[in-house]
Amino acid sequence: MRAVMYESFQQLPEVVTVDDPACPQSGVVIRVEATGLCRSDWHGWMGHDSDIRLPHVPGHELAGTIVEVGPNARGLSSGDRVTTPFVIACGRCATCKRGDQQVCEDQQQPGFTQWGSFAEYVAIDRSDANVVSVPGSMSMEVAASLGCRFSTAYRVVTQVGLVESGEWVAVHGCGGVGLSAVMIAVARGARVVAIDLAPESLELATKLGAVATINANEDVVSQVWDVTGGGADLSLDALGSADTMVNSLRSLRRRGRHVQVGLLAGKDSSAPVPMDLVIGSELQVLGSHGMSAWSYPAMMAEITDGLLNPQLLVRDLITLDEAPVRLAALGEPGAGVGGVTIIRP
């Protein structure tokens, strides 16, 4: 099969021919029909993820058709249209048994702990607990966009941030996760303030229902306080940097909720948190890491019913041959402008 591969971190990947993946005993092989290009893939390529072993094929947001089913996999057949969360949970550990598969104690991650979906085929183990059916009315491009960014934002807003109608929500960073969060929060009746450097992203946030936008080069905290009349109830760092994390915390009203969803990697991996503010204002500091497969049906229903429209966030479609350069460029300012990029192998 053809796949995007890199043999050294920060070295431009190449499209090469490698062996097709073997089918796991308890899993499936999927013909990849669409896969998302995500900033997490860039972090992996930069060497920020210790799970990656070289040479490596990235890619963790995927959708496609099953072409082979392992002898111990149940409930799936060749020809099924499917997607999967980026955390492949074991389904057996104590964490999984309480319903928190997104932080499974023995998790696998395509594109990180194993070769991923920047390829014509990808193998997914533990399919019983992780593979999700894609409705016939949903395009593979949209289904692929759900696997990390949209599903992550869905859980951040609805299950971790517990947003309520009428609350003020500040979204710091309007890439794929941030714009998804804007859409989901607005659909639940929240009043959203969107913050980003790129005018195009702020314009799209407005179209998605944000009531105010702020350029991230300006005094973000004071402007959020002005717009909201005293601070946000819920604030999300959807970018992942020390600066956006602190801005998010300082944007909150007393007893507000901060959710860290953007990865703090590299030099920011141990960024200091202003705990004096957290204690003095009784802020909640929360983390969020993807979404479990059991939560997908509710999200899928809201999409098929038209309450949520992730297709509005699919920015452009590229080929596998274009992916190496686009992956390397994700660290540049403005690389995530305007939504989600989807690769068609």
Side-chain angles (χ1 to χ4, degrees), residues 1-6 12-21 28-42 44-45 56-68 78-86 88 109-112 114-124 130-152 175-177 179-180 200 204 296 300 303-304 308-330 332 335-345:
M1 67 175 182
R2 298 176 74 239
V4 173
M5 176 181 285
Y6 52 86
L12 189 68
E14 296 182 351
V15 178
V16 298
T17 299
V18 297
D19 292 339
D20 292 353
V28 296
V29 173
I30 299 170
R31 182 176 68 246
V32 180
E33 296 182 36
T35 183
L37 184 64
C38 178
R39 187 173 170 84
S40 297
D41 299 311
W42 176 83
W45 173 73
H56 187 64
V57 175
H60 62 286
E61 299 179 322
L62 64 107
T65 303
I66 293 176
V67 296
E68 188 175 355
S78 292
D80 288 351
R81 305 172 78 244
V82 295
T83 185
T84 180
F86 72 86
I88 305 302
Q109 293 185 24
F112 298 96
Q114 64 196 66
W115 282 12
S117 54
F118 286 11
E120 294 177 312
Y121 299 94
V122 65
I124 299 295
N130 297 286
V131 172
V132 179
S133 295
V134 173
S137 60
M138 183 179 292
S139 73
M140 287 299 189
E141 291 80 13
V142 169
S145 76
L146 305 180
C148 175
R149 283 165 284 196
F150 199 86
S151 62
T152 293
V177 170
L179 288 170
S180 300
E200 300 94 328
L204 182 50
Y296 269 62
M300 292 288 202
I303 294 169
T304 55
L308 301 174
N309 297 284
Q311 65 272 16
L312 299 177
L313 303 179
V314 177
R315 176 178 61 165
D316 57 357
L317 306 175
I318 65 173
T319 66
L320 206 60
D321 293 297
E322 296 173 272
V325 171
R326 294 290 289 270
L327 171 63
L330 282 178
E332 299 174 3
V337 169
V340 175
T341 298
I342 300 294
I343 303 165
R344 285 173 166 168

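Note that these values count all heavy atoms, side chains included, but never hydrogens, waters or copies made by symmetry.
Taking CD1 of Ile30 as the start and CD1 of Ile124 as the end, the distance is 5.0 Å to the nearest 0.5 Å. To the nearest 0.5 Å, atoms CZ (Arg344) and CD1 (Ile318) are separated by 11.5 Å. Separation of atoms OG1 (Thr84) and CG (Asn130) is listed at 5.0 Å; rounding is to 0.5 Å. Atom CG of Leu313 sits about 6.0 Å away from atom CG of Leu204, to the nearest 0.5 Å. Expressed to the nearest 0.5 Å, how far CD of Glu120 lies from OG1 of Thr17 amounts to 8.0 Å.
A heavy-atom distance below 4.5 Å is found between the side chains of Met1 and Pro21. Two residues are said to be in side-chain contact when any heavy atoms from C-beta on lie closer than 4.5 Å; Ser151 and Phe86 fail this criterion. A heavy-atom distance below 4.5 Å is found between the side chains of Met140 and Thr65. Taking the side chain as every heavy atom from C-beta outward, Thr83 and Leu146 never approach each other to under 4.5 Å. Looking at heavy atoms from C-beta onward, Val132 lies in side-chain contact with Met300 at the 4.5 angstrom threshold. Inter-residue side-chain proximity for Pro13 and Leu327 is flagged as met; some heavy-atom pair is nearer than 4.5 Å.
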Walk me through it: do His60 and Gln109 pass the test side-chain contact (heavy atoms from CB on, under 4.5 Å)? CA-CA 7 Å; His60 62 286; Gln109 293 185 24; over 6 Å; no
Using the rule given for side-chain contact (heavy atoms from CB on, under 4.5 Å), can you reason through Trp45 versus Leu330, listing the C-alpha separation, both sets of side-chain angles and the distance that settles it, and then say yes or no? CA-CA 10 Å; Trp45 173 73; Leu330 282 178; over 6 Å; no
Which is it for Tyr6 and Glu14 under the side-chain contact (heavy atoms from CB on, under 4.5 Å) test, yes or no, and what are the steps along the way? CA-CA 6 Å; Tyr6 52 86; Glu14 296 182 351; over 6 Å; no
Yes or no on side-chain contact (heavy atoms from CB on, under 4.5 Å) for Met138 and Gln311, after CA distance, side-chain angles and deciding distance? CA-CA 9 Å; Met138 183 179 292; Gln311 65 272 16; over 6 Å; no
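The two atoms that bring Phe150 and Ser180 nearest to each other are CD1-OG, 3.3 Å, heavy atoms only. The minimum heavy-atom distance linking Ser117 with Val32 is given by the pair O-CG1, 3.7 Å. Residues Trp115 and Met5 approach most closely at CH2-CE, 3.3 Å, considering heavy atoms. Between Val82 and Val134 the shortest heavy-atom distance is C-CG2, 3.4 Å. Between Pro310 and Val142, the shortest heavy-atom contact is CG-CG1, 3.7 Å. Here the closest heavy-atom approach between residue Ile342 and residue Glu141 is recorded as CD1-O, 3.7 Å.
A side chain to side chain contact (heavy atoms under 4.5 Å, CB included) with Val4 holds for exactly one of Val15, Ile343, Val16; it is Val15.
Side chain of Arg2 to main chain of Pro345: no donor-acceptor pair is present (N/O by atom type, distance under 3.5 Å, no hydrogens or angles). Under the 3.5 Å distance criterion, the side-chain polar atoms of Thr341 are left unmatched by any main-chain donor or acceptor of Leu37.
Around the CZ atom of Arg81, the shell of radius 6.0 Å holds more than 12 heavy atoms that belong to other residues, nucleotides or ligands.
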